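Quick notes on the structure that follows.
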Amino acid sequence: MWPKFTRLTTIVNLRTCHYGNLTTLRPHIRSVSQGSYRPSWYESVADSTPVFLTEQLLVSTQQMTGLPWWASIMCTTLALRTAITLPLGIYQSIIIAKVEALQKEIAVLARQLRFEISIRAKEKGWSEKACRFHFKKNLKRIVSELYVRDNCHPFKASLLIWVQLPMWVCFSLALRNLSLGMGHVPLAGLATGGALWFPDLTLPDSTWIMPVSLGLINLLITEIFALRQLDPSKFQKYVTNFIRGISLVMIPIAATVPSSMSLYWLSSSCVGLAHNLLLRSSHFRGICRIPPTRSDSETPYKDIAAAFVAKYIK
């Protein structure tokens, strides 16, 4: 008798992989039930073209430099973040400084507008609600004109995150694919590309050294950013606390993913910390022509250390 077939069907899909001059066929096994297979959004992103190009970049860099995988991941992270995110960080600082410089002018124009609205309200017999409506409407128009005049709309300050986040996702998924043998490039060699307590980059860091270090570095970056806010609003406080929570949540997540991903996340955070400290330097800000702000200091690093001591030790 023929064996009974269940509804669960296994489909083997042979994918052509190019590795130098070698072409191999790698099977992809997937299960479907009732109808055609539809990959999840996570699988679609992990198998997307940007992730594929990132895999090629990582493998090509490692092959050209001849460095072990752990050093190649760190050097690639440093190079890309310095070449891409540092200039965007400088641009972000310029926008923030221009917006901050406009606050005095906005305050003066707001007082003048409030006076004009009060006079017009007496002439027209406007209610208090109508006065507030006209004041907000005209103040919004004035502020928009100032942003256009100085080319510093606050939305431009978010350009860094819109570039950094996709890059972080692509690198993370590319390393995940290469570590688990699910990438477009076979035989990546991450299993023997580690060092010290993480010799196998395809396995999680069982010592939790990198995950905990990642959380501490991210918290340090968050606190440095928080210390720069002289008079934070409620929204800014909520955002800061949210980022603190994300930094803590990343610790157990980093302990469950391959060490290659944890190493990349830790390297990226360390480079980000270095860039943040560099952007606090008055000499570097002067070279980059970043307008001065009221939070600038001639001794920024001493001020950061003193603020940390005053906030957490005393």
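The structure displayed is predicted, hence computed values, not measured ones. Scope of the values below: all heavy atoms of this structure, side chains included, with no hydrogens, waters or symmetry mates.
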Where T82 and P87 come nearest, the two heavy atoms and their spacing: O-CD, 3.3 Å

Could you report the tightest heavy-atom contact between K98 and N151, atom names first, then the distance? NZ-O, 4.4 Å

Please identify each residue that fulfils salt bridge (Lys or Arg N to Asp or Glu O under 4.0 Å) with R81, with sequence neighbours left out. none

Please check if the number of heavy atoms outside [X] that lie under 6.0 Å from its [atom1] is greater than 12.
X: E128; atom1: CD; answer: no
X: F242; atom1: CZ; answer: no
X: M74; atom1: CE; answer: no

Consider only side-chain heavy atoms of I, L, V, M, F, W and Y, link residues closer than 4.5 Å, and tell whether [X] and [Y] are in one cluster.
X: I251; Y: V249; value: no
X: V257; Y: W70; value: yes
X: L216; Y: F198; value: no
X: L279; Y: L78; value: no
X: V169; Y: L88; value: yes

Checking the side chain of S259 only, and the main-chain atoms of L203 only, is there a donor and an acceptor separated by less than 3.5 Å? yes

Keeping the roles fixed (side chain from E55, backbone from L175), state whether a donor-acceptor pair exists under 3.5 Å. no

Distance check, rounded to the nearest 0.5 Å: [X] atom [atom1] versus [Y] atom [atom2]?
X: I90; Y: I95; atom1: CD1; atom2: CD1; answer: 13.0 Å
X: R244; Y: L219; atom1: CZ; atom2: CG; answer: 8.5 Å
X: C152; Y: I94; atom1: SG; atom2: CD1; answer: 11.5 Å
X: W197; Y: I209; atom1: CH2; atom2: CD1; answer: 5.0 Å
X: I224; Y: I304; atom1: CD1; atom2: CD1; answer: 5.0 Å
X: H275; Y: R280; atom1: NE2; atom2: CZ; answer: 16.0 Å

Fit a plane to each ring of W265 and W168, take the angle between them on a 0 to 90° scale, and name the class: parallel (under 30°), tilted (30 to 60°) or perpendicular (over 60°). parallel

For the residue pair [X] and [Y], establish whether any side-chain heavy-atom pair is separated by less than 4.5 Å.
X: L80; Y: F171; result: yes
X: P199; Y: T192; result: no
X: T61; Y: T65; result: yes

Answer with yes or no whether the side chains of S179 and S260 bring together a donor and an acceptor at under 3.5 Å. yes

Tell me whether R149 is salt-bridged to E145, with the criterion being a basic N under 4.0 Å from an acidic carboxylate O. no

Considering only NZ, NE, NH1 and NH2 on the basic side and carboxylate oxygens on the acidic side, decide whether R120 and E116 come within less than 4.0 Å. no

Could R114 and F135 be counted as a cation-pi pair, given that NZ or CZ must be under 6.0 Å from the ring centre and within 45° of the axis? yes

Intermediate values then yes/no, side chain to side chain donor-acceptor pair (under 3.5 Å), N218 and S269: CA-CA 6 Å; N218 287 338; S269 294; 2.8 Å; yes

